[in-house]
Amino acid sequence: MSHLAAVIAKVEEALSVNNIRGMNELLCELSHDPQLSTAECDEQQMRLRHAIFKHTEEKAELKEQRRVFLETGGRIL
């Protein structure tokens, strides 16, 4: 397995777990990987950044949905 294939596998695993901390750690690790070209590094980092952004957006949307539900007289079970 090539180094790039191993990196892609790590990114895939981080994306499947959907853990922000793990994704951030992998972003830093990729920044200091001398075996990757700039383009390869950028591509994998962009995938991680996109997933982090999407996760953050979804979390904000859920928070807003809960707020609206509670303000409209909903019951908490």
Side-chain angles (χ1 to χ4, degrees):
M1 177 184 278
S2 72
H3 182 66
L4 178 58
V7 168
I8 291 172
K10 285 176 84 171
V11 170
E12 288 294 330
E13 181 181 345
L15 294 176
S16 69
V17 172
N18 199 24
N19 178 294
I20 299 299
R21 183 178 184 157
M23 286 188 239
N24 280 328
E25 289 172 356
L26 190 52
L27 275 171
C28 293
E29 184 180 317
L30 291 174
S31 295
H32 303 294
D33 191 331
Q35 297 181 34
L36 293 177
S37 71
T38 302
E40 293 168 340
C41 182
D42 288 347
E43 181 181 347
Q44 298 310 311
Q45 285 182 324
M46 189 55 67
R47 293 177 64 209
L48 291 166
R49 287 185 186 108
H50 179 73
I52 291 168
F53 177 76
K54 184 177 175 183
H55 179 85
T56 304
E57 241 183 16
E58 289 171 354
K59 191 173 179 179
E61 288 172 5
L62 287 173
K63 183 178 178 181
E64 178 61 19
Q65 287 174 0
R66 283 192 299 271
R67 185 192 65 76
V68 168
F69 178 75
L70 291 172
E71 288 182 356
T72 57
R75 289 184 359 194
I76 300 175
L77 301 177

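As a basis for the values below, the full set of heavy atoms in this structure was taken, side chains included, without hydrogen atoms, waters or symmetry mates.
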Task: Hydrophobic cluster of Phe53, others only, ordered by chain and residue number, side-chain cut-off 4.5 Å - done: none
Open item on the list: Going by the rule side-chain hydrogen bond (donor to acceptor under 3.5 Å, both in side chains), which residues pair with Asp33 if we only count those two or more places apart in sequence or in a different chain?
Closed with: His3
Task: Residue pairs, two or more places apart or on separate chains, that pass side-chain hydrogen bond (donor to acceptor under 3.5 Å, both in side chains) and touch residues 50-63 - done: Asn18-His55
Open item on the list: For Ala39, give me all partners under side-chain contact (heavy atoms from CB on, under 4.5 Å), at least two apart in sequence or on another chain.
Closed with: Ser37
Task: Selection residues 4-31 - residue pairs positive for salt bridge (Lys or Arg N to Asp or Glu O under 4.0 Å), sequence neighbours left out - done: Lys10-Glu29, Glu12-Arg47, Arg21-Glu25
Task: Fellow cluster residues of Val7, listed by chain then number, with links counted only when side-chain atoms sit under 4.5 Å apart - done: Leu4, Ile8, Val11, Leu15, Ile20, Met23, Leu26, Leu27, Leu30, Leu36, Leu48, Ile52
